[in-house]
Amino acid sequence: MKNGIRRETDPQKLYEKDREILNSKFNRYNKSLADAMQDLNVTRRRYGRRSVEYMEAYMEVEKWKYNIEEVKLTAKFIRPNNAEDMNYRIYQFRTFSARLNAVISDKLDLRFHGTPIYYAEQIIRSGNISSSADRYNGFVKSTNPKGEISATTVRSMNRTVAFYTDLTAYERSLPCGCVFALLPKGKQDEKLKIMDAMGSVNLKRNPEQLFGIFTSPENKARVQKWMQESRLDASKVYTFEEFIDMVQEKSRFLDEGKTRSVRATANSPSGFGGGEVQKIAFGRSTGNLTRLQSSLRGIFSRGKKVSQEINDEGFDRDF
């Protein structure tokens, strides 16, 4: 790597280098964990378990446990890149947020939580979208305390797409991540909206809060498989393009004034019945297309350069 740009272009060689980097991290993190545990024991004997010093040393142990698990999870999914997947992800990185904003109804109140593919699997299998503080005994990886998760609105979701969805993780030979589109529930989520946050979500106890999951075509089948194995609704898994199409049709229905804003209640599922789809099909207009074309012109007029590298340790993220 020179000046922040990778010079190697062969996918297999890049993959082999990225595996070496993961192995190096794993060894380094294990040593750091061993040192932190030794320090924890010394601190406990010197200051006691109720001391500030002990809690700080304890959090250091939890930090290295978190980092080691992340490396292990990453190693499950690393693979050589392919050009089709990379081009798809570059296009979504450049255009997705503007295209979604161009078609979504103001009546559709969605929150977006992006996460790497390895954490998406954990979310689906456990059924929980939670912060690191909930999962690692109080260790805070990001700004989210216990009981809260990061969740942008449609107006701020460009940060979710750019930084938390691993669209550019092909630079580490990794697949794209996933975005969980969620419906808010209760007064707490309304209060947290201004901070791009919401309460933790249990997908098994509150399946109505999951509006959809979107990811790359490479991931779609396996994410659906995880959903099926977890007894969750696999029909809610989309590619980026399919998600925009679904949101556009849902928004047309809402904007016709036939229903109120969509929120998470047991009696308001996110899908359509056959009769609703027919109403949508007959009510199509060209207004959203005009807005979309205008948005795309704005994007490409600002230039076509895409960031070629996001430091994989430069952005804190919870799943």
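Computed from a predicted model, the values in this text were never measured in an experiment.
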**Request:** Check whether Leu192 and Ile129 end up in the same hydrophobic cluster, where Ile, Leu, Val, Met, Phe, Trp and Tyr are linked by side-chain heavy atoms less than 4.5 Å apart.
**Result:** no
**Prompt:** Of all residues at least two apart in sequence or in a different chain, which pass the salt bridge (charged side-chain N to carboxylate O under 4.0 Å, His left out) check with Lys31?
**Reply:** Asp35
**Prompt:** Which residues satisfy the ring pair (Phe, Tyr, Trp, His ring centres under 6.0 Å) test with Phe240, sequence neighbours excluded?
**Reply:** Phe96, Phe214
**Asked** Is it true that a side-chain atom of Glu242 and a backbone atom of Thr239 form a donor plus acceptor pair closer than 3.5 Å?
**Response** yes
**Prompt:** Mind checking whether Tyr238 and Asp245 have side chains closer than 4.5 Å, heavy atoms only?
**Reply:** no
**Asked** Is the backbone N or O of Ser150 less than 3.5 Å from a side-chain atom of His113, with the two atoms forming a donor-acceptor pair by type?
**Response** yes
**Asked** Quick one: does Asn206's side chain have a donor or acceptor within less than 3.5 Å of a partner on Gln209's backbone?
**Response** no
**Message:** Regarding Gln122 and Glu69, do their side chains bring together a donor and an acceptor under 3.5 Å, going by distance alone?
**Reply:** yes
**Asked** Any Lys/Arg nitrogen of Arg231 or Asp233 sitting under 4.0 Å from an Asp/Glu carboxylate oxygen of the other?
**Response** no
**Prompt:** Would you call Lys13-Glu16 a salt bridge at under 4.0 Å N-O?
**Reply:** no
**Item:** Between Asp196 and Thr152, a side-chain donor and acceptor under 3.5 Å
**Value:** no
**Donor-acceptor contact below 3.5 Å, side chain Asn67 vs main chain Tyr29** = no
**Asked** Side chain of Asn27, backbone of Asn23: donor and acceptor closer than 3.5 Å?
**Response** yes
**Message:** Could you report the tightest heavy-atom contact between Cys178 and Ala120, atom names first, then the distance?
**Reply:** SG-CB, 3.7 Å
**Prompt:** Can Glu256 and Arg252 be counted as an ion pair, charged N to O under 4.0 angstrom?
**Reply:** no
**Request:** Identify whether Tyr47 and Val61 are in the same connected component of the hydrophobic contact network (ILVMFWY, side-chain heavy atoms under 4.5 Å).
**Result:** no
**Message:** Taking the side chain as everything from C-beta on, heavy atoms only, tell me whether Arg19 gets closer than 4.5 Å to Ile78.
**Reply:** yes
**Item:** Heavy-atom pair with the smallest gap, counting every atom of Leu100 and Val247
**Value:** CD1-CG1, 3.9 Å
**Request:** For residues Trp64 and Ala36, report the shortest heavy-atom separation together with the two atoms involved.
**Result:** CD1-CB, 4.0 Å
**Item:** Salt-bridge present (Asp10, Lys17; N to O < 4.0 Å)
**Value:** no
**Request:** Check whether any side-chain heavy atom of Tyr91 lies under 4.5 Å from a side-chain heavy atom of Glu241, and answer yes or no.
**Result:** yes
**Item:** salt_bridge(Glu190, Lys193) N-O dist < 4.0 Å
**Value:** no
**Message:** Would a single hydrophobic cluster contain both Met55 and Leu33, if residues Ile, Leu, Val, Met, Phe, Trp and Tyr are joined by side-chain heavy-atom contacts under 4.5 Å?
**Reply:** yes
**Request:** State, without any angle test, whether Ser130 and Asn128 hold a side-chain donor-acceptor pair at a distance under 3.5 Å.
**Result:** no
**Message:** Does any part of the side chain of Glu218, heavy atoms only, come nearer than 4.5 Å to the side chain of Arg79, both counted from C-beta?
**Reply:** yes
**Prompt:** Can you check whether Gly199's main-chain N or O pairs, donor with acceptor, with Asp189's side chain at less than 3.5 Å?
**Reply:** yes
**Message:** Side chains of Glu148 and Gln188 only: does a donor on one sit below 3.5 Å from an acceptor on the other?
**Reply:** no
**Message:** Checking the side chain of Asn101 only, and the main-chain atoms of Val154 only, is there a donor and an acceptor separated by less than 3.5 Å?
**Reply:** yes
**Asked** Are any of the side-chain heavy atoms of Ile117 and Asp166 separated by less than 4.5 Å?
**Response** no
**Message:** Any heavy-atom pair between the side chains of Leu174 and Pro116 that's under 4.5 Å?
**Reply:** no
**Asked** Less than 4.5 Å apart, any side-chain heavy atom of Phe211 and any of Met246?
**Response** yes
**Prompt:** Hey, is the main chain of Arg205 close enough, under 3.5 Å, to the side chain of Asn202 for a donor-acceptor pair?
**Reply:** yes
**Asked** Side chain of Asp39, backbone of Ala57: donor and acceptor closer than 3.5 Å?
**Response** no
**Asked** Under a 4.0 Å N-O cut-off, is there an ion pair linking Lys76 with Glu121?
**Response** yes
**Asked** Is a side-chain donor-acceptor pair under 3.5 Å present for Arg49 with Tyr54?
**Response** yes
**Asked** Are any side-chain N or O atoms of Arg89 and backbone N or O atoms of Leu167, one a donor and one an acceptor, separated by less than 3.5 Å?
**Response** yes
**Test item: side-chain donor near acceptor, Asn158 and Ser97, under 3.5 Å** = no
**Asked** Would you say the side-chain atoms of Gln248 and Arg99 include a donor-acceptor pair closer than 3.5 Å?
**Response** no
**Asked** Taking C-beta and beyond as the side chain, do Lys204 and Ser230 meet within less than 4.5 Å on heavy atoms?
**Response** yes
